[in-house]
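For reference, the structure is listed below as structure tokens.
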Amino acid sequence: MKKKVLVITGGHPFEEDPFFEIFNSFENVDWFHEKQPKASSLLNPEKCRDVDAIIFYDIPGVELKRNTDLPVEVVDPTSEYKENFERLLETGQGLIFLHHAIAGWPSWERYADVIGGRFHYQPGSLHGINYPDSGYRFDVSQEIRVVDPDHPICKGIPENFTITDEAYICPIFEDSVTPILRSNLDFEDSSNFYSSSLAMKGEMNSNQSWKHPKGSDMVAWVRYEHLSPITYIQLGDGPTVYADPNFRKLIRNSINWVSSEEAKKWITSEKSNRAID
């Protein structure tokens with residue numbers, strides 16, 4: 001039986017045809033697409049009852065307006081949205097977040113907790129810590145190392161592979177996630193990255209007077225909230241990556257994993273281990 005997958009976009013430009021071709025290439029996937037803000041109305045247990053996995057390639061709660069006096073406008077989620085999203089987690093809905101989705105809902109800390117981190121387009125507070133805007137670096141070649149070759153998401157993925165993609169330096173909650181992939185980039189020295197706030201103001205590839213705390217080399221991880229298995233994959237900036245066979249396998253394997261009984265058993269086991277600790 002094919003997996004039914006909801007793909008959500010919006011809030012960030014991307015090349016649609018090459019991106020959607022990823023899902024057309026999956027023989028075991030029956031997918032449909034919705035764009036924000038309309039997609040928000042689908043995010044509840046009733047409308048996602050037969051959805052096996054939801055893929056987020058969006059940035060809800062942020063309106064990007066480059067080269068303006070207010071380049072980043074933040075919008076709060078409604079109380080109804082928050083409640084429905086929490087109900088999705090309680091039902092065990094499988095969730096997959098890709099690339100820039102980690103920047104979603106910057107005014108709602110719970111969303112960052114669900115994903116496992118947050119990318120800031122402008123300085124912001126998270127878990128009581130004040131952070132500068134996050135950093136980016138386009139088209140950088142990096143060697144990716146598989147942390148757990150036995151994990152189902154890594155099935156068919158070489159233990160080491162090279163990919164050219166955009167990289168981020170941003171807060172990641174390392175203690176609340178299980179790493180899947182790590183990068184060989186130097187995330188400790190923020191001079192390797194550029195200020196996203198300056199970029200939004202028209203100063204591309206600049207880190208003048210900007211510095212970010214030490215980052216993490218994790219570029220993919222899994223975690224859970226309530227009964228929901230969750231995957232985040234930091235890769236995925238453009239057509240070259242969309243066509244990369246390892247990137248496609250990571251997405252396909254993630255769909256299979258977050259919708260599997262194996263993932264549910266993993267959550268049960270993790271909860272039991274936490275109770276013992």
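Keep in mind that this is a model prediction, so the values were computed, not measured.
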Quick one, Leu89 with Val114, criterion side chain to side chain contact (heavy atoms under 4.5 Å, CB included). Give me CA distance, side-chain angles, the key distance, then yes/no.
CA-CA 9 Å; Leu89 299 173; Val114 168; 3.9 Å; yes

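- Within the model, atoms CD1 of Ile55 and OG1 of Thr9 stand 12.0 Å from one another, a figure rounded to the nearest 0.5 Å.
- Note: Phe138 and Tyr194 fail the aromatic proximity criterion, with ring centroids not under 6.0 Å apart.
- Residue pairs meeting the salt bridge (Lys or Arg N to Asp or Glu O under 4.0 Å) criterion with at least one partner in residues 175-197, sequence neighbours excluded, are Arg182-Asp217, Glu188-Lys214.
- For the atom pair Asn253 CG and Thr231 OG1, the distance stands at 10.0 Å (nearest 0.5 Å).
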Any chance you could lay out the side chain to side chain contact (heavy atoms under 4.5 Å, CB included) test for Met200 and Lys65, step after step, and finish with the verdict?
CA-CA 7 Å; Met200 295 305 300; Lys65 305 174 183 178; over 6 Å; no

Full working for side chain to side chain contact (heavy atoms under 4.5 Å, CB included) between Asn192 and Phe187
CA-CA 8 Å; Asn192 294 316; Phe187 291 86; over 6 Å; no

Can you give each donor-acceptor pair under 3.5 Å made by side-chain atoms of residues 140-159, sequence neighbours left out, with the distance rounded to 0.1 Å?
unit_1, atom_1, unit_2, atom_2, d
Gln142, OE1, Ser183, OG, 2.7
Asp148, OD1, Asp150, N, 3.1
His151, ND1, Ile153, N, 3.1

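- Lys271 has its side chain within reach of Leu227: a pair of non-hydrogen atoms, C-beta onward, lies under 4.5 Å apart.
- The cluster map of Ile, Leu, Val, Met, Phe, Trp and Tyr, joined by side-chain heavy atoms under 4.5 Å apart, puts Ile251 and Val222 in the same cluster.
- Residues that satisfy the side chain to side chain contact (heavy atoms under 4.5 Å, CB included) test with Lys38, not counting sequence neighbours, are Glu34, Ser41.
- Side-chain N or O atoms of Asp52 include none that pairs as donor or acceptor with a backbone N or O of Val5 at under 3.5 Å.
- When the side-chain hydrogen bond (donor to acceptor under 3.5 Å, both in side chains) test is applied to His12, no partner is found at least two apart in sequence or on another chain.
- A search for side chain to side chain contact (heavy atoms under 4.5 Å, CB included) contacts involving Gln122 returns Val72, Val74, not counting sequence neighbours.
- Within 6.0 Å of CD in Glu80 there are 12 or fewer heavy atoms belonging to other residues, nucleotides or ligands.
- Residues passing the salt bridge (Lys or Arg N to Asp or Glu O under 4.0 Å) test with Lys265: none are found, sequence neighbours excluded.
- In terms of hydrophobic clustering, with Ile, Leu, Val, Met, Phe, Trp and Tyr side chains grouped at heavy-atom distances under 4.5 Å, Val51 and Trp31 are assigned to different clusters.
- Checked by atom type and distance alone, the side chain of Trp257 never pairs as donor or acceptor with a backbone atom of Ile230 at under 3.5 Å.
- Listed for the Thr268 side chain is a donor-acceptor partner under 3.5 Å among the backbone atoms of Lys264.
- In terms of hydrophobic clustering, with Ile, Leu, Val, Met, Phe, Trp and Tyr side chains grouped at heavy-atom distances under 4.5 Å, Phe23 and Ile233 are assigned to a common cluster.
- Applying the salt bridge (Lys or Arg N to Asp or Glu O under 4.0 Å) test to residues at least two apart or on different chains, the pairs with a partner in residues 222-232 are Arg110-Glu225, Arg223-Glu225.
- For the atom pair OG of Ser195 and NZ of Lys201, the computed distance is 7.5 Å after rounding to the nearest 0.5 Å.
- For Pro123, the side chain to side chain contact (heavy atoms under 4.5 Å, CB included) test picks out Asp133, with sequence neighbours left out.
- Annotation for Ile267 and His226: closest pair CG2-O, 3.8 Å, computed over non-hydrogen atoms.
- Considering every non-hydrogen atom in both Leu64 and Gly11, the closest pair reads CD1-O, 3.7 Å.
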Which atom pairs, one a donor and one an acceptor, fall under 3.5 Å between side chains of residues 161-171 and the rest of the protein, sequence neighbours left out?
unit_1, atom_1, unit_2, atom_2, d
Asp165, OD1, Asp237, N, 3.1
Asp165, OD2, Gly236, N, 2.7
Glu166, OE1, His99, NE2, 3.0
Tyr168, OH, His99, NE2, 3.2

Test log, rule side chain to side chain contact (heavy atoms under 4.5 Å, CB included), inputs Asn184 and Asn160:
CA-CA 10 Å; Asn184 72 333; Asn160 294 276; over 6 Å; no

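- Ala103 approaches Tyr121 most closely through the heavy-atom pair CB-CE1, 3.7 Å.
- Classified by interplanar angle (parallel below 30°, tilted 30° to 60°, perpendicular above 60°), the ring pair Phe19/Tyr57 is parallel.
- Checking side-chain atoms of Ser228 against main-chain N and O of Gln93 turns up a donor-acceptor pair under 3.5 Å.
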Phe56 vs Phe97, ring-ring contact (aromatic ring centres under 6.0 Å, His included): CA-CA, chis, key distance, verdict
CA-CA 5 Å; Phe56 297 85; Phe97 297 88; 4.5 Å; yes

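- No side-chain donor-acceptor contact under 3.5 Å links Arg252 to the backbone of Phe26.
- Put simply, the residue from Gln36, Lys35, His100 that forms a side chain to side chain contact (heavy atoms under 4.5 Å, CB included) with Asp58 is Gln36.
- Side-chain atoms of Ser134 come within 3.5 Å of backbone N or O of His120 as a donor-acceptor pair.
- Residues Val7 and Leu95 are members of separate hydrophobic clusters, defined by side-chain heavy-atom contacts under 4.5 angstrom among Ile, Leu, Val, Met, Phe, Trp and Tyr.
- Across all non-hydrogen atoms, the minimal contact from Ala39 to Ile8 is CB-CG2, 3.6 Å.
- Under the 4.5 Å side-chain criterion, counting only non-hydrogen atoms from C-beta, Leu98 is not in contact with Tyr232.
- Under the 4.5 Å side-chain criterion, counting only non-hydrogen atoms from C-beta, Leu42 is in contact with Leu6.
- With Glu262 contributing its side chain and Trp266 its backbone, the two residues share no donor-acceptor pair below 3.5 Å.
- With sequence neighbours excluded, the residues forming a side chain to side chain contact (heavy atoms under 4.5 Å, CB included) with Asn44 are Glu46, Lys47, Asn84, Arg87, listed by chain and number.
- In terms of hydrophobic clustering, with Ile, Leu, Val, Met, Phe, Trp and Tyr side chains grouped at heavy-atom distances under 4.5 Å, Ile255 and Ile180 are assigned to a common cluster.
- For Trp105 against Asp76, the heavy-atom pair with the smallest separation is CZ3-C, 3.7 Å.
- Closest non-hydrogen pair, Pro60 versus Tyr111, comes out as CG-OH, 4.1 Å.
- Contact of the Asp113 side chain with the Ser176 side chain is not registered, since no non-hydrogen atoms from C-beta on lie closer than 4.5 Å.
- Side chains of Asn256 and Asn28: a donor-acceptor N/O pair is present below 3.5 angstrom, by distance only.
- Centroid-to-centroid, the aromatic rings of Tyr242 and Phe14 stay 6.0 Å apart or farther.
- Clustering of Ile, Leu, Val, Met, Phe, Trp and Tyr by side-chain heavy atoms under 4.5 Å joins Ile129 with Leu126, Tyr131, Phe173.
- Listed for the Ser190 side chain is a donor-acceptor partner under 3.5 Å among the backbone atoms of His212.
- Under the salt bridge (Lys or Arg N to Asp or Glu O under 4.0 Å) criterion, the residue pairs touching residues 2-24 are Lys4-Asp50, with sequence neighbours excluded.
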